[in-house]
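First up is the structure itself, then whatever we jot down about it.
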Amino acid sequence: MTQQYKLKFNDGHTMPQLGFGLWQVPNAQAADVVGQAIQTGYRMVDSAAAYGNEEGVGSAFRSSGLARDELFVTTKLANPNHGYDEALWAFDESLARLGFDYVDLYLIHWPRPWEDRYVETWRALRRIKEEGLARSIGVSNFTIEHLQRIIDETGVVPVLNQIELH
């Protein structure tokens with residue numbers, strides 16, 4: 001793979017434009033699959049607590065020989081862990097499974113508006129970023145209304161809203 005372009009976030013950090021997604025990759029296969037992706041030249045991997053493969057991602061990284069700052073790792077908050085304290089706990093669990101001191105990007109996986117907890121969850125992500133445990137924070141699968149609400153109530157704009165396209 002040739003040199004990748006990087007996208008610049010509103011917080012000044014960057015991420016590779018092309019990444020390797022791990023949805024539906026079982027943890028038992030994740031280390032091998034991610035290892036092959038790294039050997040091919042991928043420098044961004046996209047995981048999530050709900051995918052159940054964070055341990056494999058961490059294992060592949062440790063076997064890669066790369067310095068930590070050479071691999072951009074995204075992971076996401078699992079749906080049952082909305083809420084301020086719940087999100088902080090869930091993030092610590094993700095870091096432990098990955099075996100990292102920080103992640104490059106941490107996302108709220110889904111807004112779950114019927115629970116009405118995504119704003120307090122976003123406040124937890126702000127704290128995670130302020131403590132340097134996530135370089136950047138964002139959301140996934142949010143609508144314009146969800147985005148506007150977290151911006152209006154917290155003053156912090158997510159670096160991205162990751163959505164699935166086919």
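Values below: every heavy atom of this structure, side chains too, minus hydrogens, waters and symmetry copies. Bear in mind that the values here come from a model prediction, so they are computed numbers and not experimental data.
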Heavy-atom distance under 4.5 Å between the side chains of [X] and [Y], does that happen here?
| X | Y | answer |
| --- | --- | --- |
| D11 | R135 | no |
| Q162 | D46 | yes |
| V103 | T74 | no |
| L71 | S64 | no |
| F61 | L98 | no |
| L160 | S140 | no |
| L107 | V139 | no |
| V45 | F72 | no |

message = Assess the residue pair Y51 and H109 against the criterion (ring-ring contact (aromatic ring centres under 6.0 Å, His included)); give the C-alpha distance rounded to whole Å, side-chain angles, the decisive distance to 0.1 Å, and a yes or no.
response = CA-CA 11 Å; Y51 301 169; H109 207 153; 5.7 Å; yes
[X] to [Y] - nearest heavy-atom pair and separation:
| X | Y | value |
| --- | --- | --- |
| I38 | A60 | CD1-O, 4.3 Å |
| A124 | A87 | CB-CB, 3.8 Å |
| P158 | G138 | CB-CA, 3.8 Å |
| R127 | L88 | NH1-CD1, 3.3 Å |
| V119 | T154 | CG1-CG2, 4.3 Å |

Donor-acceptor under 3.5 Å ([X] side chain, [Y] main chain):
| X | Y | result |
| --- | --- | --- |
| S136 | L105 | no |
| H82 | E120 | no |
| K6 | Q17 | no |
| S59 | E55 | no |
| Q29 | P26 | no |
| N53 | V25 | yes |
| T121 | Y84 | no |
| T40 | Y42 | no |
| D104 | A134 | no |

Do [X] and [Y] sit in the same hydrophobic cluster, where Ile, Leu, Val, Met, Phe, Trp and Tyr count as joined when their side-chain heavy atoms come under 4.5 Å apart?
| X | Y | result |
| --- | --- | --- |
| L147 | I108 | yes |
| L95 | W89 | no |
| V159 | V156 | no |
| M15 | I137 | no |
| L18 | M44 | no |

In Å and rounded to the nearest 0.5 Å, what is the [atom1] to [atom2] distance from [X] to [Y]?
| X | Y | atom1 | atom2 | value |
| --- | --- | --- | --- | --- |
| L133 | D101 | CG | CG | 9.0 Å |
| L22 | N27 | CG | CG | 10.0 Å |
| R126 | R123 | CZ | CZ | 7.0 Å |
| Y5 | L7 | OH | CG | 11.5 Å |
| I163 | T143 | CD1 | OG1 | 11.5 Å |

request  = Would you please name every residue forming a side chain to side chain donor-acceptor pair (under 3.5 Å) with R149, sequence neighbours left out?
outcome  = D116, E153
ask   = Judged by modelled atom types alone, do N81 and E93 share a side-chain donor-acceptor pair under 3.5 Å?
value = no
request  = Tell me yes or no: between the side chains of S47 and E54, is some donor less than 3.5 Å from an acceptor?
outcome  = no
ask   = Checking ring pair (Phe, Tyr, Trp, His ring centres under 6.0 Å) against H146, which of W122, Y118, W114 comes through?
value = Y118
message = Just to verify, what does R62 make a salt bridge (charged side-chain N to carboxylate O under 4.0 Å, His left out) with, not counting sequence neighbours?
response = none
Lys NZ or Arg CZ of R68 over Y102 ring: under 6.0 Å, within 45° = yes
inquiry  = Using side chain to side chain contact (heavy atoms under 4.5 Å, CB included), reason through T14 and F9 one step at a time and then give a plain yes or no.
reply    = CA-CA 6 Å; T14 61; F9 293 147; over 6 Å; no
